[in-house]
2 protein chains.
Amino acid sequence: MPGQWQALLAGAPGTALQALDLLASRRRLQPGATVFRRGQAARGLLAVLDGQVGLGLVREDQGQTLERTLRGPQWLDLASAWLDEVHQQDAWCITEADVLELPMAPLRACLQERPELAEGLMRQLARQLRELGGITHELMHMDAEKRLAAWLLRRAAGLSSMALGERKRDIAAQLAIAPETLSRLMRQLKIKGLIDVQGYTVRLLAPDQLRLLAQG
Amino acid sequence: MPGQWQALLAGAPGTALQALDLLASRRRLQPGATVFRRGQAARGLLAVLDGQVGLGLVREDQGQTLERTLRGPQWLDLASAWLDEVHQQDAWCITEADVLELPMAPLRACLQERPELAEGLMRQLARQLRELGGITHELMHMDAEKRLAAWLLRRAAGLSSMALGERKRDIAAQLAIAPETLSRLMRQLKIKGLIDVQGYTVRLLAPDQLRLLAQG
DNA sequence: CGAACCCTTGATACGCTTCAACAAGAGTGG
DNA sequence: CCACTCTTGTTGAAGCGTATCAAGGGTTCG
């Protein structure tokens with residue numbers, strides 16, 4: 001799957017990616033299946049090749065508290081394995097998903113021989129660091145409406161219309177607001193004429209004003 | 001400064017650290033001095049060797065909005081330079097500080113020759129990733145009182161008494177609460193008998209109950 | 001001494017959550 | 001086919017948590 005490796009490690013030479021491909025193991029998981037659990041030792045770097053995986057906490061007595069959703073191809077947990085520690089979150093499949101695991105021991109050996117791979121990995125760590133930094137910034141300084149506006153803009157990625165691929169309560173969870181609040185905010189943005197919502201289809205009617213709302 | 005390098009890149013061999021030492025440049029900065037600005041290109045990896053540096057946003061019209069404070073030895077921005085992008089926050093000295101910069105170009109060359117260094121760096125990126133993940137988790141799911149309890153426990157690091165080395169408003173900023181709220185929360189914890197506060201000295205009277213409060 | 005900080009305390013306002021009720025669609029079994 | 005249940009999203013009313021505004025006291029420094 002060269003395309004997926006390219007997405008996971010942009011810029012790395014093809015021969016190095018092939019070497020990695022030999023080390024990796026793949027699992028095809030059904031919706032709801034556990035990818036890993038909090039407290040479980042991290043044996044390698046994990047990525048979603050295809051599908052959608054949720055990161056957060058699963059409580060036995062009740063449903064799960066989602067913190068982030070990752071859609072493939074995307075790295076899942078790049079930190080725990082490097083530190084030889086345990087995962088700090090639960091991860092479970094939201095849709096059917098292809099999950100890749102790169103065991104640390106052979107990976108370390110491979111990196112000794114191919115230093116150019118290390119830079120690609122470093123870049124990915126940096127990307128996640130930057131992403132998380134943005135999230136903390138939003139949580140610290142922006143209210144729910146601003147966070148939603150920012151989320152809509154990011155999610156639309158320039159397009160004026162999009163289909164929400166996940167449950168609205170999952171969107172709310174990622175924004176750290178109650179589902180009821182999300183519903184109300186959507187209605188308010190609709191009344192203001194900034195967006196149009198029809199079920200799971202959202203059209204951005206005034207992206208510039210949305211951007212203004214998110215920044216100011 | 002071998003001790004400081006050890007703290008920044010634990011586990012790396014001494015000869016490699018010496019090689020890095022030759023590449024690095026140092027600056028001694030006064031309180032209030034800017035380390036870098038938002039939007040400025042990142043030329044290298046930055047670290048605080050000694051002193052205290054604030055990360056956040058500086059507004060020209062008003063004071064700064066602090067998001068995190070870092071006390072040396074600690075890496076400052078490990079992400080931007082790897083991505084060849086600009087810094088996303090402002091950084092300024094809170095106390096007098098020694099700041100170290102490791103320019104990317106020679107660093108890349110050095111990593112090609114010494115792959116063992118790359119792993120040390122990767123570990124540091126992973127540590128920061130894990131730290132930020134913890135912060136977002138707290139911001140998403142814990143109220144102010146719980147965040148404060150968790151902060152006190154982390155800060156005390158096992159000791160039962162400590163001196164707050166920073167202004168209380170800076171502590172409040174890191175917890176994403178108003179200074180007034182921090183003052184009230186401190187008083188409430190004091191009334192509950194969990195801590196004792198005398199100006200800038202805090203004693204943890206009941207760490208176990210604090211831990212319970214932070215987790216439950 | 002006043003000026004400039006800082007922290008504290010009180011009163012009030014607002015954002016968001018929680019609880020409860022209801023509507024709409026999907027799946028199930030009689 | 002309908003009745004039943006389960007899940008999801010929506011809406012309203014009430015309440016909690018935290019911010020904001022305003023005022024006062026304690027330090028430090030010129």
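A, B, ... follow the sequence lines: proteins, then strands. Residue 1 opens every chain. Values in this document were obtained by computation on a predicted structure and should not be read as measured data.
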Please list, pair by pair, any protein nitrogen or oxygen found under 3.5 Å from a nitrogen or oxygen in nucleotides 16-21 of chain D.
from    : atom 1 : to      : atom 2 : distance (Å)
dT18(D) : OP1    : A144(B) : N      : 2.7
dA19(D) : OP1    : A178(B) : N      : 3.3
dA19(D) : OP2    : A178(B) : N      : 3.1
dA19(D) : OP2    : T181(B) : OG1    : 2.4
dT20(D) : O4     : R184(B) : NH2    : 2.9
dC21(D) : N4     : E180(B) : OE2    : 3.1

In sequence, state the C-alpha distance, the side-chain angles, and the governing distance for R37(A) and D90(A), and then conclude on salt bridge (charged side-chain N to carboxylate O under 4.0 Å, His left out). CA-CA 4 Å; R37(A) 286 218 164 281; D90(A) 294 312; 3.4 Å; yes

Given dG9(D), is OP1 or OP2 found less than 4.0 Å from the side-chain N or O atoms of Y200(A)? yes

Please check if the number of heavy atoms outside R130(A) that lie under 6.0 Å from its CZ is greater than 12. yes

Whole-Å distance between dG9(D) C1' and D170(A) CG? 13 Å

Tabulate protein N/O versus nucleotide N/O from nucleotides 24-30 of chain D, keeping only pairs under 3.5 Å, one per line.
none

Establish, with yes or no, whether the OP1 or OP2 oxygen of dT10(D) is under 4.0 angstrom from a side-chain nitrogen or oxygen of R187(A). no

L148(A) vs L175(A) side-chain heavy atoms within contact, under 4.5 Å: yes

Does R71(B) CZ have over 12 foreign heavy atoms under 6.0 Å away? yes

Looking only at non-hydrogen atoms, find the nearest pair between G193(B) and L205(B) and report the distance. O-CB, 3.5 Å

Testing D77(A), L76(A), L102(A) for side-chain contact (heavy atoms from CB on, under 4.5 Å) with L45(A), which one passes? L102(A)

Is the shortest side-chain N to carboxylate O distance from E145(B) to K192(B) below 4.0 Å? yes

Within less than 4.0 Å of OP1 or OP2 of dC7(C), is there a side-chain N or O belonging to R167(B)? no

Side chain of T95(B), backbone of Q52(B): donor and acceptor closer than 3.5 Å? yes

